[in-house]
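Residue numbers count from 1 along this sequence.
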Amino acid sequence: MATVLEPAGAPAANEKRPAGRTKPTTPGGRRRHLPPLLAISPFYVLFAVFGAFPILFSVYLSFQDWDGIGDMRYVGLKQYGWLLQDPVFWHSVLNTFEIWFLSTVPMLFLALVLAFLLHSQIRFAGAYRVAYFVPNVTSMVAMTVVFGSVFAQAGLANSVLRAIGLDGVGWLSSEWGIKSSVSIMIIWRWVGYNALIFLAGLQAIPTEHFEAARVDGANSRQTLFRVVLPQLRPVVLFAAVTSTINGLQIFTESQVLFQSTDVGTTGGPGQEGMTIVLYLWQKAFKEHQFGYGAAMGWVLFAIIAVFTVINWRLVAGSDDDRRPGIAGLLRRKGARRGR
């Protein structure tokens, strides 16, 4: 009778494996993950100290009355109650919304038009892209100082208006002049940035879609609104959300533009340039009401969250991509090829 030899080290046929252990442990075990975790740990340490802790502490601080030096005094939700009864806060909210509307809507429209033009076959397109992006990386303080001289009563803006026979505008002294000057600065800074974002989205659209539009005789306006925009919804949503977040946190423009009046804490004549963040800075860092400023910051967070959801609902729309514009064009093109 033949004898079957078992491999060396193999368990006998009647020998049972140890319970609870089905496969050998990987050499090194969990310790092999230690070097990469240590390599990325500085980021998490810095984020915990300078990111997570200030956020959590601001939540705790919003329920305290604290001047930054003395003992904290717990006041509960009274900070939020005082905030809702503060007329200056509501005035700053109204100013912020008006400036946001005057700047964001024209900015996104101009950015889309510029991106559409840059996507066309034009000379020196690379130079134009660099030129449009330069305002976004320019120092905001330096830019505001320059615009302050432009919008002065005897500045360049009024000089141009008088040269064409119009009266000068009180850019830094009237209600809508203040809001318009701040809005123009925001448009000048962000229109190039958003144009490049839109341009990246345009370049991701297949060229056959534009060819189908040209075959069907669509002009530039029809191509923009019926071919480009339906496919740019994710990009437009991103630009709208980021513009809303930036627009509701306006601070430097108003603070530097009216720095000659009480160190820029009033927002100009009639407080028409007073924004939510400027008022927060005034209360927290000038009047040393840090609990009140923290509560204001969380109310601003809630406002931004609500407007982000609104933008998402308005811009994202339905997930049905069967739009009459591009879908119809592609169906007709396919029908022609089938013939």
Side-chain angles (χ1 to χ4, degrees), residues 82-107 110 135 138-191 243-290 292-293 295-297 299-300 303-304 307:
W82 297 334
L83 189 63
L84 297 178
Q85 299 175 5
D86 189 347
V88 180
F89 170 73
W90 289 111
H91 185 62
S92 67
V93 171
L94 180 61
N95 291 339
T96 304
F97 284 162
E98 290 174 345
I99 294 173
W100 169 78
F101 181 80
L102 290 174
S103 60
T104 302
V105 175
M107 176 188 63
L110 290 175
T138 304
S139 170
M140 193 64 207
V141 175
M143 185 187 76
T144 306
V145 171
V146 173
F147 272 95
S149 61
V150 170
F151 290 125
Q153 193 62 32
L156 179 62
N158 282 337
S159 298
V160 172
L161 291 177
R162 295 189 184 98
I164 60 178
L166 299 176
D167 296 332
V169 177
W171 296 101
L172 304 180
S173 58
S174 62
E175 176 183 357
W176 290 106
I178 292 173
K179 293 180 173 64
S180 299
S181 60
V182 175
S183 301
I184 290 172
M185 286 190 291
I186 297 173
I187 293 172
W188 186 85
R189 183 185 185 190
W190 290 103
V191 67
S243 299
T244 298
I245 294 173
N246 293 328
L248 294 179
Q249 297 183 83
I250 304 168
F251 169 72
T252 307
E253 293 86 348
S254 296
Q255 199 273 339
V256 178
L257 195 61
F258 304 103
Q259 60 181 341
S260 60
T261 59
D262 194 18
V263 202
T265 59
T266 61
Q271 295 183 327
E272 298 301 334
M274 175 71 77
T275 62
I276 300 175
V277 179
L278 180 59
Y279 189 50
L280 186 158
W281 177 81
Q282 176 186 353
K283 286 295 183 181
F285 297 100
K286 188 184 178 187
E287 300 181 11
H288 306 292
Q289 299 180 22
F290 290 99
Y292 195 69
M296 199 181 306
V299 171
L300 175 60
I303 293 173
I304 292 175
F307 269 72

Return the [atom1] to [atom2] distance between [X] and [Y], rounded to the nearest 0.5 Å.
X: Met107; Y: Trp188; atom1: CE; atom2: CH2; result: 14.5 Å
X: Gln255; Y: Met274; atom1: CD; atom2: CE; result: 10.5 Å
X: Phe251; Y: Thr96; atom1: CZ; atom2: OG1; result: 12.5 Å
X: Ile184; Y: Ile99; atom1: CD1; atom2: CD1; result: 12.0 Å
X: Glu98; Y: Ile178; atom1: CD; atom2: CD1; result: 11.5 Å
X: Ile276; Y: Ile304; atom1: CD1; atom2: CD1; result: 7.5 Å

Are Met185 and Leu257 close enough that some pair of their side-chain heavy atoms sits under 4.5 Å apart?
yes
Residue pair Phe307 / Ile245, side-chain heavy-atom distance below 4.5 Å:
no
Run the side-chain contact (heavy atoms from CB on, under 4.5 Å) check on Tyr279 and Leu300 step by step: do they pass?
CA-CA 11 Å; Tyr279 189 50; Leu300 175 60; over 6 Å; no
Which class fits the ring pair Trp171 and Phe151: parallel under 30°, tilted 30 to 60°, perpendicular over 60°?
tilted
Exercise: identify the closest heavy-atom pair between [X] and [Y]:
X: Ser254; Y: Thr275; result: OG-CG2, 3.9 Å
X: Ser159; Y: Gly155; result: OG-O, 2.8 Å
X: Met140; Y: Thr252; result: CG-CG2, 3.6 Å
X: Trp90; Y: Leu83; result: NE1-O, 4.0 Å
X: Pro106; Y: Ile187; result: CB-CD1, 4.0 Å

Backbone of [Y] reached by a side-chain donor or acceptor of [X] within 3.5 Å:
X: Asn158; Y: Ala154; answer: no
X: Glu272; Y: Gly268; answer: no
X: Ser103; Y: Ile186; answer: no

Centre-to-centre under 6.0 Å for Tyr292 and Phe89, is that the case here?
no
Yes or no on side-chain contact (heavy atoms from CB on, under 4.5 Å) for His288 and Phe290, after CA distance, side-chain angles and deciding distance?
CA-CA 6 Å; His288 306 292; Phe290 290 99; 4.2 Å; yes
Can you tell me if Thr104 and Trp100 form a side-chain donor-acceptor pair at under 3.5 Å?
yes
Take Trp176 and Leu102 through the side-chain contact (heavy atoms from CB on, under 4.5 Å) test and state the conclusion after the steps.
CA-CA 10 Å; Trp176 290 106; Leu102 290 174; 3.8 Å; yes
Walk me through whether Val277 and Ile250 qualify under side-chain contact (heavy atoms from CB on, under 4.5 Å).
CA-CA 6 Å; Val277 179; Ile250 304 168; over 6 Å; no
